[in-house]
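First the structure, in the form of structure tokens, and then the observations on it.
These values consider heavy atoms only, across backbone and side chains, with no hydrogens, waters or symmetry-generated copies.
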Amino acid sequence: MLRNLISTFVLLFAASLVVASISRPEEPPRGDPEAGRAAATTCIACHGNDGRGIGPEYPNLGGQHFSYLLRQMRAFHSGDRQATLMMGQVEHLTEQQLKDISAFYAEQPIAEGTAEAADDVLEFGERIYRAGLPDKGVAACIGCHSPSGRGNGPAAFPMLTGQPERYIVLQLRAYRDGERETDAHMGGVMRGVAQNMNDREIEAVAAYVRGLH
Ligand code: HEC
Ligand code: HEC
């Protein structure tokens, strides 16, 4: 009797899980890329027509993950991420517009780059990317940013592929020096990675990332 009751309970429980997973509401809409294109006209001056940054300190946005873009836009909006040139760029936008613009850039093509540094620098950079610097407690980048540098959308690990070398250097230094704290909700993961890297290591890995795809 008791066994029957328990097995009925288990069955009911399992059935309720199935129903719950079927009836789970869909993800909220991610934003409308066409509305995003219209709202992003002021961004073209620095991020190009399709999200390709116009200079060495301007990040490419094309093909970047929606989840990551939205988080950064919110951080600029709230002031949690500060950058002189981004000041005043997104403050007037609504949450819906932040989503629309993120959806627009996520759909644009990835701007791949070509590595230009000397071979020994690129080899050193590749080693750091793939294996980290175990003696210094620097984790391998590959684990989160993926072998091709495409990152991980669901986890909001950004794509690094093709980013300008100078932009990567500046961001790694900003994490290292505690100036960029947008990783706070992830336990300060990038500050942890960068804190033991010297400039030579940062420059090497940035040079490697530039041509990674
Ligand atoms: C005057 C130049 C300029 C304009 C205009 C501009 N940006 Fe930027 N943007 C930058 C720079 C420079 C950075 C890098 C900031 C840093 O060093 O942290 C940046 C960074 C970003 C990032 C973070 C990218 C990353 O990989 O973390 C996003 C997202 C972004 N901008 C979106 C926008 C949007 C959307 C607009 C228009 C509403 C816009 N930007 C307008 C210069 C500009
Ligand atoms: C444990 C996961 C993890 C590891 C390991 C890791 N990263 Fe990251 N990285 C992240 C996350 C998460 C972010 C976004 C944090 C934020 O929102 O500021 C990020 C952001 C970055 C950014 C900023 C991108 C942009 O567009 O502004 C750069 C550059 C970067 N990582 C380079 C590296 C390099 C180089 C290594 C290896 C030395 C590395 N990361 C190792 C998870 C990781």
Residues, nucleotides or ligands: over 12 heavy atoms within 6.0 Å of Asn198 CG: yes
pair Tyr58-Leu85: side-chain heavy atoms closer than 4.5 Å: yes
Gln97 (side chain) donor-acceptor with Thr94 (main chain) under 3.5 angstrom: yes
Straight-line distance of Asp119 CG to Glu126 CD, nearest 0.5 Å: 11.0 Å
Donor-acceptor pair, side chain of Thr161 and main chain of His213, under 3.5 angstrom: no
Donor-acceptor contact present, side-chain His77 to main-chain Glu91, <3.5 Å: yes
Shared hydrophobic cluster for Leu170 and Tyr175 (ILVMFWY, side-chain gaps under 4.5 Å): no
Donor-acceptor contact below 3.5 Å, side chain Asn196 vs main chain Gly137: no
Side-chain donor or acceptor of His65 paired with backbone N/O of Pro154 under 3.5 Å: no
Linked, directly or transitively: Phe66 and Val90 (ILVMFWY side chains, under 4.5 Å): yes
Interatomic spacing from CZ in Phe76 to CE in Met87 - rounded to 0.5 Å: 11.5 Å
Heavy-atom donor-acceptor pair, Gln108 side chain to Phe104 backbone, under 3.5 Å: yes
NZ/NE/NH1/NH2 to OD/OE distance under 4.0 Å, Arg200 and Glu203: no
Over all atoms of both residues, closest heavy-atom pair of Val205 and Tyr129: CG2-N, 4.1 Å
Gap separating the CG atom of Asp183 from the CZ atom of Arg81, nearest 0.5 angstrom: 11.0 Å
Worked check of side-chain contact (heavy atoms from CB on, under 4.5 Å) between Gln64 and Gln163: CA-CA 10 Å; Gln64 184 59 275; Gln163 288 296 9; 4.2 Å; yes
Salt bridge present between Asp199 and Arg176 (N-O < 4.0 angstrom): yes
Considering all heavy atoms, the nearest Leu212-Pro147 contact: CD1-O, 3.4 Å
Closest non-hydrogen atom pair between Ala140 and Ala131, with its separation: CB-C, 3.7 Å
Value rounded to 0.5 Å, distance of CG in Leu70 from OG in Ser102: 4.5 Å
Atom of Cys43, atom of Tyr105 and distance for their closest heavy-atom approach: CB-OH, 3.3 Å
Distance-minimising heavy-atom pair for Val121 and Ala207: CG1-CB, 4.2 Å
Glu179, Met186, Arg180, Glu181 screened by side-chain contact (heavy atoms from CB on, under 4.5 Å) with Arg191, the one that passes: Glu181
Pairwise distance CZ(Arg52) to SG(Cys46) - rounded to 0.5 angstrom: 15.5 Å
Side chain Asp100, main chain Asp32, donor-acceptor under 3.5 Å: yes
Side-chain touch His185/Arg71, heavy atoms, less than 4.5 angstrom: yes
Hphob cluster co-occupancy, Leu133 + Ile202, side-chain heavy atoms under 4.5 angstrom: yes
Student check: side-chain heavy atoms of Lys99 and Arg74 closer than 4.5 Å: yes
Same cluster (ILVMFWY, side-chain, under 4.5 Å), Ile168 and Leu61: no
Arg150 bridged to Glu112 by N-O distance under 4.0 Å: yes
Closest contact, heavy atoms only, Thr114 versus Arg210: O-CG, 3.5 Å
Side-chain heavy atoms of Pro164 within contact of Asn60, under 4.5 Å: yes
In one Ile/Leu/Val/Met/Phe/Trp/Tyr side-chain cluster, 4.5 Å: Leu160, Val189: no
Test applied, side-chain contact (heavy atoms from CB on, under 4.5 Å); reference residue, Glu201; option that passes from Leu172, Ile128, Val138: Ile128
